[in-house]
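Lettering of chains follows the sequences in order, A, B, ..., and the numbering in each one begins at 1.
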Protein chains: 2
Amino acid sequence: MKKGKITIHDISKELGINSSTVSRALNNSSRVTQKTKDKILKKATELGYQRNSLASKLRTNKTNTIGVIVPRISRQFFSSVISGIEETAYDAGYEVIICQSLDNLEREQKLIETLLSNRVDGILISVSTQTLGKDDFNNCKQNETPIIFFDRPYNIEENTNVIIDDFKAGFEATEHLILNGCKNIVHFSGPQHSELYKRRKNGYLAALKKYNLTIDFNYIIASNLMKSDGIENAKKILDLSKVDAVFSANDVAAISAMIYLKDKGVKIPDEIAFVGFSNEQISAVIEPSLSTISQSDFKMGTVAATLLFKQIEQKTTIKEGYTKILEPKLIIRNSSQKIIL
Amino acid sequence: MKKGKITIHDISKELGINSSTVSRALNNSSRVTQKTKDKILKKATELGYQRNSLASKLRTNKTNTIGVIVPRISRQFFSSVISGIEETAYDAGYEVIICQSLDNLEREQKLIETLLSNRVDGILISVSTQTLGKDDFNNCKQNETPIIFFDRPYNIEENTNVIIDDFKAGFEATEHLILNGCKNIVHFSGPQHSELYKRRKNGYLAALKKYNLTIDFNYIIASNLMKSDGIENAKKILDLSKVDAVFSANDVAAISAMIYLKDKGVKIPDEIAFVGFSNEQISAVIEPSLSTISQSDFKMGTVAATLLFKQIEQKTTIKEGYTKILEPKLIIRNSSQKIIL
DNA sequence: CTGTTAGCGCTTTCAA
DNA sequence: TTGAAAGCGCTAACAG
């Protein structure tokens with residue numbers, strides 16, 4: 001028994017067949033007789049041969065591997081996107097390397113370096129919140145390694161982005177509440193420098209306008225949408241009169257606000273209806289009464305990956321920015337659904 | 001400007017320094033003058049050099065990379081373990097490749113193949129539920145690639161495993177309920193062929209014995225611990241008389257049972273106290289009244305990774321099984337804590 | 001301290 | 001259809 005790993009040369013020697021033929025056989029080339037193929041395959045399994053991808057990647061200058069960087073894999077949204085990416089990659093014969101930046105710029109840049117030095121064919125990334133500069137990804141561009149940004153848009157004019165239609169989502173969420181008889185709708189908005197939250201807010205405003213409802217800017221509560229903000233927001237709601245609905249720009253704040261309000265004896269959704277951007281599963285468990293806007297997470301993964309593979313195979317990194325905007329999806333839950341399983 | 005990627009030879013030529021010196025400089029070898037190092041580093045950044053890890057891995061026959069396979073990255077428990085692994089790996093200078101098996105054996109085996117063909121130095125795995133055979137990981141052993149099993153033990157006699165002390169956890173959970181005055185404690189157990197659930201159950205039984213409580217086997221309800229099972233279990237509880245507590249072997253069943261019972265007007269934890277294996281964060285949000293047993297997730301990651309690195313560096317795959325058992329951690333929440341933020 | 005040289009395991013012309 | 005030979009980019013003896 002040989003000590004190290006078996007190579008094609010070992011098979012080659014054992015059979016008296018040249019190693020290039022062995023290589024071709026193992027890659028199922030049409031230029032090898034079925035008979036020799038069989039012989040080689042048999043010997044390969046007999047010896048416990050295992051291909052060395054490193055060597056073949058080095059030689060061919062193609063890794064069939066893409067890198068994915070997300071802030072945290074534990075967030076349901078991102079893990080769903082990753083599932084979408086993996087499915088698409090699997091079908092296309094690509095390997096996927098998953099990394100988390102923990103929303104930390106330094107770490108993110110180190111990950112990019114690592115991925116590039118491992119010669120991934122392309123990168124999909126949802127940038128960290130600290131990433132804001134114009135040339136944070138110059139090394140990719142120098143390398144001509146395609147990179148696609150998803151969920152969190154980045155330099156739309158220059159890069160390829162995959163995002164959802166935030167304006168439309170905000171509009172539909174608000175419209176949904178209006179059509180259900182709500183007139184005094186509070187909006188939990190996020191940091192006002194963020195384009196994303198601005199667009200959601202504009203959707204909210206547009207819906208109010210369409211139905212000729214008065215716009216009261218006291219009803220727009222901006223915060224960082226953390227749990228503690230949800231509590232603060234809830235307190236503010238109690239101070240306002242006749243609020244009958246909330247459209248929250250994310251689920252975290254919505255949920256903590258709901259818990260707080262329930263605790264105060266407010267019936268949800270009898271007295272206040274909620275719509276929030278959210279992960280379907282979590283909010284279904286936590287609050288059956290919370291309707292949600294899905295970010296079409298899985299689909300975002302498949303779309304982004306498909307786009308990336310196209311860029312890789314055409315070897316044409318798009319210079320001018322291209323943004324793919326996905327439809328949002330409003331998920332309605334009836335308040336009769338006390339338990340959703 | 002050169003079209004392809006810059007190599008050490010490009011730097012070598014530009015400076016008239018031999019490429020091996022360049023290589024040494026880039027690896028910060030002590031056998032190069034600081035002066036030449038500086039020159040080389042400067043030229044490297046100037047040309048936009050980026051090391052090709054594939055080549056160096058191939059050459060050195062060491063990848064400084066480990067593979068991690070978990071059923072799903074979206075489960076809080078696994079993503080915490082992964083964080084623990086990543087921190088440890090980062091400190092030790094290892095890269096980490098994260099993969100999810102989706103609890104599917106075929107997929108798991110394909111992932112193992114891929115990792116091995118990429119010549120990872122070692123593998124950490126929490127096996128899929130479908131993985132039960134004796135020689136599912138023979139290819140690893142042939143390869144002499146260290147593999148460590150965490151959370152879900154696998155052939156304890158032969159392999160290295162990292163698990164928590166399930167017996168103790170079951171014992172402490174039950175004892176906690178007893179010490180709080182509960183006498184009629186139902187146990188939601190899992191599949192009875194599973195060692196893990198058997199050990200948790202034995203802990204439960206041991207605690208009852210210690211406090212001289214009568215053991216009623218009608219109080220041990222075995223199921224697959226899915227959401228729907230939780231509902232069924234809850235119905236069974238309502239049929240039993242004088243149940244005042246539940247120790248659930250996982251959180252999913254516990255939560256759905258609680259929701260169902262609350263819906264039926266049962267007050268929790270006034271009438272029924274719950275302890276469940278669980279993820280801290282989730283249950284804190286969903287059910288403040290649910291006390292939980294933590295599986296020391298992050299720590300499990302660091303321990304497993306440290307163990308693996310030791311095996312890799314000693315190049316001694318342990319032949320006889322070695323099992324590291326971690327302490328469980330009971331997290332008590334007072335029922336006064338209505339909102340935990 | 002630096003250069004020469006060989007080769008990791010694989011693929012791919014080119015030739016037979 | 002198969003073989004011979006070169007080389008992907010890097011590292012590591014060994015020599016100087």
Side-chain angles (χ1 to χ4, degrees), chain A residues 2-41 43-44 47-65 113-114 116-121 143, chain B residues 2-41 43-44 47-65 113-114 116-121 143:
Chain A
K2 210 170 154 260
K3 69 225 146 158
K5 304 238 159 61
I6 306 295
T7 73
I8 52 173
H9 301 293
D10 298 317
I11 301 176
S12 158
K13 273 176 210 154
E14 290 256 337
L15 294 174
I17 298 176
N18 189 279
S19 56
S20 49
T21 305
V22 175
S23 170
R24 281 190 277 258
L26 293 172
N27 288 314
N28 201 21
S29 158
S30 57
R31 294 177 30 181
V32 184
T33 334
Q34 189 58 46
K35 212 172 124 189
T36 39
K37 265 188 200 171
D38 290 342
K39 248 198 307 199
I40 290 168
L41 260 344
K43 185 56 89 182
L47 295 178
Y49 169 79
Q50 183 137 50
R51 101 189 243 103
N52 186 330
S53 298
L54 296 172
S56 94
K57 287 173 177 176
L58 175 63
R59 179 60 234 255
T60 57
N61 201 27
K62 179 87 167 60
T63 57
N64 282 305
T65 305
E113 283 304 317
T114 306
L116 290 178
S117 74
N118 280 296
R119 297 293 187 266
V120 292
D121 295 331
N143 257 294
Chain B
K2 209 169 154 261
K3 69 228 146 155
K5 303 241 159 60
I6 306 295
T7 73
I8 51 172
H9 301 294
D10 298 318
I11 301 176
S12 159
K13 271 176 212 156
E14 289 255 336
L15 295 174
I17 298 177
N18 189 280
S19 57
S20 50
T21 305
V22 176
S23 169
R24 281 190 278 258
L26 293 172
N27 287 314
N28 201 22
S29 158
S30 57
R31 294 177 30 181
V32 184
T33 336
Q34 190 58 46
K35 214 171 120 189
T36 39
K37 265 187 202 173
D38 290 341
K39 247 196 309 196
I40 290 168
L41 260 342
K43 185 55 91 182
L47 295 178
Y49 170 79
Q50 182 137 51
R51 105 191 237 97
N52 186 331
S53 297
L54 297 172
S56 99
K57 287 172 177 177
L58 175 62
R59 179 59 234 250
T60 58
N61 202 27
K62 178 88 165 64
T63 56
N64 281 305
T65 305
E113 283 303 317
T114 306
L116 291 178
S117 73
N118 280 295
R119 296 296 187 263
V120 292
D121 295 331
N143 257 294

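- If you check the side chains of N118(A) and K57(B), you find a donor sitting under 3.5 Å from an acceptor.
- Under the 4.5 Å side-chain criterion, counting only non-hydrogen atoms from C-beta, L26(A) is not in contact with R51(A).
- The shortest distance between the side-chain N/O atoms of N52(A) and the OP1/OP2 oxygens of dC8(C) is not below 4.0 Å.
- Closest to the side chain of T60(B), out of dA12(D), dC10(C), dC1(C), is dA12(D).
- Remark: side-chain polar atoms of T33(A) are not paired, donor with acceptor, to backbone N or O of K35(A) under 3.5 angstrom.
- In this structure, the side chain of K37(A) engages the main chain of S29(A) through a donor-acceptor pair within 3.5 Å.
- S53(B) comes within 4.0 angstrom of nothing in the nucleic acid, heavy atoms only.
- Between S23(B) and the phosphate of dT11(D), there is a side-chain N or O to OP1/OP2 separation shorter than 4.0 Å.
- Regarding N118(B), its CG atom lies at a distance of 15 Å from the P atom of dG9(C), rounded to whole Å.
- S12(B) is listed as a side-chain neighbour of V22(B), based on a closest heavy-atom distance under 4.5 Å.
- Rounded to whole Å, the distance from CG on N27(B) to P on dC1(C) is 17 Å.
- In this structure, the side chains of R119(A) and S53(B) stay at 4.5 Å or more apart for every pair of heavy atoms.
- Nearest nucleotide to the S56(B) side chain, out of dT11(D), dG9(D), dT2(D): dT11(D).
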Evaluation steps, side-chain contact (heavy atoms from CB on, under 4.5 Å), between T7(B) and N52(B): CA-CA 8 Å; T7(B) 73; N52(B) 186 331; over 6 Å; no

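- Between the P atom of dC8(C) and the CG atom of L58(B) lies a distance of 9 Å, rounded to the nearest Å.
- In this structure, the side chain of T60(A) engages the main chain of S56(A) through a donor-acceptor pair within 3.5 Å.
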If you restrict it to nitrogen or oxygen atoms, what contacts under 3.5 Å exist between nucleotides 14-16 of chain C and the protein, and what is each distance?
none

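- To the nearest angstrom, C1' of dT11(D) lies 16 Å from CG of N28(B).
- Formation of a donor-acceptor pair under 3.5 Å by the N27(B) side chain with backbone atoms of R24(B) is not found in this model.
- Taking the side chain of T7(B) as heavy atoms from C-beta on, and the options dC10(D), dC8(C), dC10(C), the nearest nucleotide is dC10(D).
- Remark: S20(A) in residues 14-22 of chain A come within less than 4.0 Å of DNA chain C through at least one heavy atom.
- One interatomic measurement links the two molecules: CG of N61(B) to P of dG9(C), which rounds to 7 Å at whole-angstrom precision.
- Following rounding to the nearest Å, K13(A) (NZ) and dA4(D) (P) show an atom-to-atom distance of 14 Å.
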